[in-house]
Amino acid sequence: MSGLLLARVLVAALALALAGWGCFLLAPASAGAVRALPRARVPGMALSLLCWVWVAAELLAHPIDFLAFLTPTRIVVGAIVCVPLTWVLLGNLLCARAIGGLLMLWPMPVILAVRDQVTLWRLVPVSIGYLSLTFGMCVVFYPWILRVACERLAGRPVLRRIVAAAFVAAGALAACAACALGKVVGE
């Protein structure tokens, strides 16, 4: 899969996720689910597994010089070992940390692929990507930030509607960007 195609798929998935979260937050019954999200065990385990698979795939696809001692077998075994260790050692707020990990992982392939685009729509996924990366780093290191944000969202219906509208708008922008990406400089 080419970098640009992967970027378009990731931006389209981002658009669906943002719009979906926005629509979910509009439902009055979402308050309880939002409040429970950071401590949810099963989604945390699934999302952390996804994070480790993504990291292993990135290391296999794009080896890093100072990690040259990691052969493909060592990368796969390392990921298999890290998954249960993550589940055991980071059990408290595991879902929040896993969400932060995903927020840090998705932007890099998108940013690398769209940097040569001639359209100004490339700024949408890049801007959302850097916001996501920054928030993801904060959530991984300080997972209580997401817990506090979820508690405030759950307790304030007006704030939840504002955030829902922002998510839907960002999803619409990301969908437009996914459609507009495709012309590479020099073609």
Atom pairs and distances, side-chain donor-acceptor, residues 25-38, under 3.5 Å, sequence neighbours left out:
| unit_1 | atom_1 | unit_2 | atom_2 | d |
| --- | --- | --- | --- | --- |
| S30 | OG | F24 | O | 3.4 |
| S30 | OG | L25 | O | 3.4 |
| S30 | OG | A27 | O | 2.7 |
| S30 | OG | R160 | NE | 3.4 |

Problem set entry | Pair listing, ring-ring contact (aromatic ring centres under 6.0 Å, His included) test, anchored in residues 96-120, at least two apart | none

Exercise. Within the side chain of S127, is there an N or O that forms a donor-acceptor pair under 3.5 Å with the backbone of L123?
Worked result: yes

Exercise. Would you say V11 and L6 are hydrophobically clustered, going by side-chain heavy atoms of ILVMFWY under 4.5 Å?
Worked result: yes

For this session: Drop me the distance from F69's CZ to T71's OG1, to the nearest 0.5 angstrom.
Result: 10.0 Å

Problem set entry | Considering all heavy atoms, the nearest I128-A174 contact | CD1-CB, 4.5 Å

Exercise. If Ile, Leu, Val, Met, Phe, Trp and Tyr residues are connected whenever their side-chain heavy atoms lie under 4.5 Å apart, and connections chain through other members, are I99 and W54 in the same group?
Worked result: yes

For this session: Kindly give the heavy-atom pair with the smallest separation between A177 and V124, and that separation in Å.
Result: CB-CB, 4.0 Å

Exercise. Just how far is it from atom SG of C82 to atom CG of L49, taken to the nearest 0.5 Å?
Worked result: 12.0 Å

Problem set entry | I145 reachable from Y130 in the ILVMFWY side-chain graph, under 4.5 Å edges | yes

Problem set entry | R97 side chain vs N92 backbone, donor-acceptor pair below 3.5 Å | yes

Exercise. Which heavy atom in A98 sits nearest to a heavy atom in S48, and how many Å separate them?
Worked result: CB-N, 3.5 Å

Problem set entry | L102 side chain near C51 side chain, heavy-atom distance below 4.5 Å | yes

Problem set entry | For V140 against G100, the heavy-atom pair lying closest together | CG2-C, 3.5 Å

Exercise. Quick one: CD1 on I75 to CD1 on I80, what's the gap to the nearest 0.5 Å?
Worked result: 12.0 Å

Exercise. Linking I/L/V/M/F/W/Y whenever their side-chain heavy atoms sit closer than 4.5 Å, directly or via other members, would V42 and L90 fall into one cluster?
Worked result: no

Exercise. For atom CZ of R41, is the number of surrounding heavy atoms from other residues, nucleotides or ligands below 6.0 Å larger than 12?
Worked result: yes

Exercise. Do you know which two heavy atoms are closest between A40 and C95, and how far apart they sit?
Worked result: O-CB, 3.3 Å

Exercise. Taking C-beta and beyond as the side chain, do W121 and V114 meet within less than 4.5 Å on heavy atoms?
Worked result: no

Problem set entry | Heavy-atom pair of closest approach, residues P125 and L181 | CG-CD1, 4.3 Å

Problem set entry | Note, L14 side chain near L10 side chain (heavy atom, < 4.5 Å) | no

For this session: Report yes or no: do L5 and L16 belong to one cluster of Ile/Leu/Val/Met/Phe/Trp/Tyr joined by side chain heavy-atom distances under 4.5 Å?
Result: no

